[in-house]
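Below, chains carry the letters A, B, ... as their sequence lines are ordered, and counting in each starts from 1. All heavy atoms count here, side chains included; hydrogens, waters and symmetry mates do not.
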2 protein chains.
Amino acid sequence: MTTAQAPDAQLAGGAGPPRVDLLFEPGGRRVRVPAGVTVFDAASWNGIAIDSTCGGHGTCKKCRVRIAEGAPAPSAVDSRAFSPDELRLGWRLACRALASSDAAVEVPPLVTRPKAATVGVGRRVILRPAVQKRYLELREPSLADQRSDLERVLDALDDLELRADLHAVLAARRVLRAADCKVTAVVVDDVLIDVQPGDTTALAYGIAFDLGTTTVVATLLDLSTGTPVAVASALNAQQPFGADVITRISAAMLDPSALGRLRALAEQTLAGLTAEVCASAEVDPAHVYEIALAGNATMTHIALGIDPEPLGVAPFILAARLLPEVLAADLGLAVHPRARAVVFPAFGAYVGGDITAGLLASGMDRDARTRLFIDIGTNCEIVLGNRDWLLATAAPAGPAFEGAAIRCGMRAASGAIEGVTMAPDGLSLSVIGEAPPAGLCGSGLVDAVTGLLRLGLLDSSGRFVAESAAAALAPGLASRLTTLGAERVFVLHWLGEEGDVSRSVYLTQRDVRELQFAKAAIATGWRILLEEAGLAVGDIQQVLLAGSFGSYLSPGNAIRLGLVPDVPVLRVVSAGNVAGEGAKMALLSVRERAAGLALLEEVRYVELSDRAGFNDRFIDQLAFPSFPD
Amino acid sequence: MTTAQAPDAQLAGGAGPPRVDLLFEPGGRRVRVPAGVTVFDAASWNGIAIDSTCGGHGTCKKCRVRIAEGAPAPSAVDSRAFSPDELRLGWRLACRALASSDAAVEVPPLVTRPKAATVGVGRRVILRPAVQKRYLELREPSLADQRSDLERVLDALDDLELRADLHAVLAARRVLRAADCKVTAVVVDDVLIDVQPGDTTALAYGIAFDLGTTTVVATLLDLSTGTPVAVASALNAQQPFGADVITRISAAMLDPSALGRLRALAEQTLAGLTAEVCASAEVDPAHVYEIALAGNATMTHIALGIDPEPLGVAPFILAARLLPEVLAADLGLAVHPRARAVVFPAFGAYVGGDITAGLLASGMDRDARTRLFIDIGTNCEIVLGNRDWLLATAAPAGPAFEGAAIRCGMRAASGAIEGVTMAPDGLSLSVIGEAPPAGLCGSGLVDAVTGLLRLGLLDSSGRFVAESAAAALAPGLASRLTTLGAERVFVLHWLGEEGDVSRSVYLTQRDVRELQFAKAAIATGWRILLEEAGLAVGDIQQVLLAGSFGSYLSPGNAIRLGLVPDVPVLRVVSAGNVAGEGAKMALLSVRERAAGLALLEEVRYVELSDRAGFNDRFIDQLAFPSFPD
């Protein structure tokens, strides 16, 4: 197998900024970063710790590194931090040194320990939230020092280039005299949003939301430690409008008042979770200064009151890939009135902010390996690439994996068969909860079909074999392969008397077809991306299965069905709830957030629906792979 | 007399950006501008017209100039607009050429005629409002062109570097499909605030407010032509809280609910005027996209709900010199929901945004002459300087000029004596309106005192001369110099029988003292500024009397009283309502607005109240000047 080559820049979605190579010593780690980032950012982005107590704001002067070759000109801060001799030797503050050409960077051993949190797919994120609090003891005004309230605060923060909110001016006016000029400044990004009496630096929180069509998860993070202090989840209150995004878009199309109601339900869900996590951690919601929201395009549009209709009909148009500045208040959240909302950008109508967050959490943008990211759902998002290029697409998998359109299908709830193990002489089931088997959820469906394929009871075209063949192949199961009316079925569990198929949990020939349609859509998607990139299956070095369904799916079965490429099974990895992890990362680190935004330029969206030959390819993919079992 | 020299940079309030000289040919005009401005801006700022139809946005490519010496490197647009030979000869687009060193600029004759308006003190302002409307006929989206609504609009405006409002995203979503992609983009500064169906480019308005303590004036401007289309004025509805800023600040200090009520009254006044000017010009307020507000610090603070109390007590602290971004909606105005408010910055608690606007309108920042700007009122603002340096202060003149604290004083309303002409044999009065004389307003007071000084009936210490001396000096007036109780008075008009002083309009010895206090405060102010600058009276090349009182005051009398320096009388000029003019300029030209903001860096505020020797100087200034009459 060869290492993947980057396809040409046009294919990979534009050239982006030029990259430079930094070699970090000791250790010899070589990292490739966009030109213009600081050496400090480049290091911590790649998990290389450089001493710092101020988090890269140029105040602690601890992030000393020596850049023997390719050192940039000293910054103004450098001249204060180093002697002329040291400067000549290449000593620089890493937080002020821009990586503009290839360079070798010598990093002294750590004296302080950087605060870091492990989030995403085993990603170690060094804390640098956009939210900063600074305790200030200001000089009292006098006739000799008539600086305005705002200037008095901003002058004490002169290492930051800040603009202020009108809210902060009002707060400074109220607070400065009352608190004897002992105040805490609250900064989000480059905006002073509040001035509080006394020292409130220990109270800084953010909430990461994974806004799913079905389930919404909120994680309250202590931004000063990086620790999640409360987690809560709830069903999206929009459920009554339908299970998937299409039914919600349809509702908005058919009834002009539905958008307002859907929006109110999104707000209600998010606000309820906000109250819940704050109450459970005993945190005053007024100390939540930022939230991050990872959701698909439809959920995000609706939550902001933006008409989703053009997402639902060709040519599938977003209102904006990257939304302008949004406040938490715009989402109806009663946190700090000037709290910002980081809304993950979308690549297309069906590759939304949840995927951007997921790519960030799984490090798709900075891993040298060529990887395939698959988030399986009614809509399946697929991304292929490595740190140099990324291609994305969406495949309409349909609801088979959610148990819908499957005769005995059900959600992954109590009583659902979630696992099936088959052998020629019998089968065993694993069922969710204490209940008796009542139906089949997505992972049970996959297990059942895979089992039948392995035993040869289903042929590679997806058809049940003749009963005589079945008896030879799997004597202990043959009696389960029967008919219901005119349709052939395979009984997984007899609810009533054995033989009474109508009262059993079973799999029909049509169910198998549904699964074939879903897997064909997905397989067509990643095959087209491979073609776009000029790569073959063997070039894929890892397959990431994202989302909750991905966690339940066995890698071996996914390969057996042809849902994912036929790579060595250890290369197929369940990544978990990467959208929520990405949202947390965005709150904990402005660098990670910037990397998330940069994905917009790095990912090229490939539209499948107008692709010549899409249908032919789809039909080609309907069959299951033939394996020598 | 020598030309004024700039005092050292420290005195003049900081060095500011370096300046470069540009020589414009033909004509040989040499102008001095901050390095880094475009040649186009430098020219139009100085009233030199360079061809342009796009107003300097880099789209019309008409602003061709040849920079023979000192030409900057060609911009990307230059390379498209000129041949390599032309570039070598120094041809550049003036709107893209930054003035970075001294240069000679050849300007071809005009082909188009720039739109310009005359505002301020005879200032010709070339139209370039922050509000821009662009009619766009966009390509319909397709599967081959899935750009988002926002990108589709922004891509058509790629000569501007814009960010968008969430409001604009919602508008684009609503409008694009409904209007077949034929839309008008509304841009304010660098923000896309709206997308409207069809072509609305002709409808772009702004309102300039002069928010006075007593009177508020609103001017509705058609931003596409620069024409004022309606003007209205009203008494500030805060009047019941007191006549001057101190009484309003006191109200807010004494009653915590007063600030809210004062703010509501400011909103009510501004909103009423908005409705009035829009109705009178038949303009939909939704087409007002920007407002400008020039007001003193107290009025501005209250209008935004900011506590004015610290303005009223030492050390006199502003909430902010320059306020953060403010929307018209923050001032309670029902214009376009995302209309911006340009609030003029303040130099100090008593040199507010009205003065900044006034300095802009009178060109204090770019006139080579050393000038003295005086705005007379209860609080008198004084600015001294030229284009290289400016010093400002505030003098507590007290209410004498408003007719308050004067025994027979009254406002300049019907029945007020506004002018007095005296000769040894008699006097004549001019009275406001049709009414008989009922009292004395500020200008009448000044006239009366000046007349008495000229005739010698008042000596230079401000004392009425002996009756015997009066009879010799002015036989026709001597009988008017009499007593009321123990106090000497001069009768201006007999209301009842001659001799019945108590029923006459008269001037008391104490009234003269009040005027002396007021003029001493003012004269001390400008004398201290002269000292700070190391200049003498003879160095002052022009005295500008600003504000409504300045319009009524005769230059000769102002000199005779010692209110203004003793310069040749033709050098004393009434400047009119410069605050309102400055507000209009800010709406019509982003360059003028930037010049107004730059004043914050250019003006140094001199606090008088803690000045050693202030009281001694004040006492020195109490006497009237001795002139050989």
> Tell me, for B:R177 versus chain A, whether the close heavy atoms (under 4.5 Å) come from the side chain, the backbone, both or neither.
side chain
> Supply the atom-to-atom distance A:I249 CD1 to A:L254 CG, rounded to the nearest 0.5 angstrom.
12.0 Å
> May I ask you to say whether B:E140 pairs ionically with B:R152, meaning some side-chain N is under 4.0 Å from a carboxylate O?
no
> Name the member of A:A168, A:P310, A:A320 that forms the most heavy-atom pairs with chain B at distances under 4.5 Å.
A:P310
> Using a cut-off of under 4.5 Å on heavy-atom pairs, state which of A:G305, A:S142, A:A319 scores highest against chain B.
A:A319
> Does A:E290 pair with A:R593 as a salt bridge, N-O distance under 4.0 Å?
yes
> Does any heavy atom of chain B fall under 4.5 Å from the side chain of A:L311, the backbone, both, or neither of them?
both
> Under the salt bridge (charged side-chain N to carboxylate O under 4.0 Å, His left out) definition, can you give me all pairs with a residue in residues 302-323 of chain A, not counting sequence neighbours?
A:R321-B:E151
> So which atom in B:P141 and which in B:C181 form the shortest heavy-atom distance, rounded to 0.1 Å?
CD-SG, 4.2 Å
> Can a salt bridge be assigned to the pair B:D145 and B:R147 using a cut-off of 4.0 Å between side-chain N and carboxylate O?
yes
> Name, in order of residue number, those residues of residues 185-195 of chain A that have a heavy atom at a distance of less than 4.5 Å from a heavy atom in chain B; otherwise write 'none'.
none
> Just by distance, no angles: are the side chains of B:R261 and B:S257 close enough, under 3.5 Å, to form a donor-acceptor pair?
yes
> Name the member of B:V153, B:D165, B:V326 that forms the most heavy-atom pairs with chain A at distances under 4.5 Å.
B:D165
> Would you mind checking which part of A:L154 comes under 4.5 Å of any heavy atom in chain B, side chain (CB onward), backbone (N, CA, C, O), both or neither?
neither
> Salt bridge or not between B:E267 and B:R263? Use side-chain N to carboxylate O under 4.0 Å.
yes
> Measuring heavy-atom distances to chain B, does A:A164 have an atom under 4.5 Å in its side chain, in its backbone, in both, or in neither?
both
> Should A:L323 and B:V169 be marked as a side-chain contact (heavy atoms from CB on, under 4.5 Å) after you check the CA-CA gap, both sets of side-chain angles, and the distance that decides it?
CA-CA 8 Å; A:L323 286 161; B:V169 175; 4.2 Å; yes
> Output the option from B:L150, B:I306, B:I317, B:L166 having the highest count of non-hydrogen pairs under 4.5 Å with chain A.
B:I317
> In terms of the angle between their ring planes, are A:H167 and A:H336 parallel, tilted or perpendicular, with boundaries placed at 30° and 60°?
perpendicular
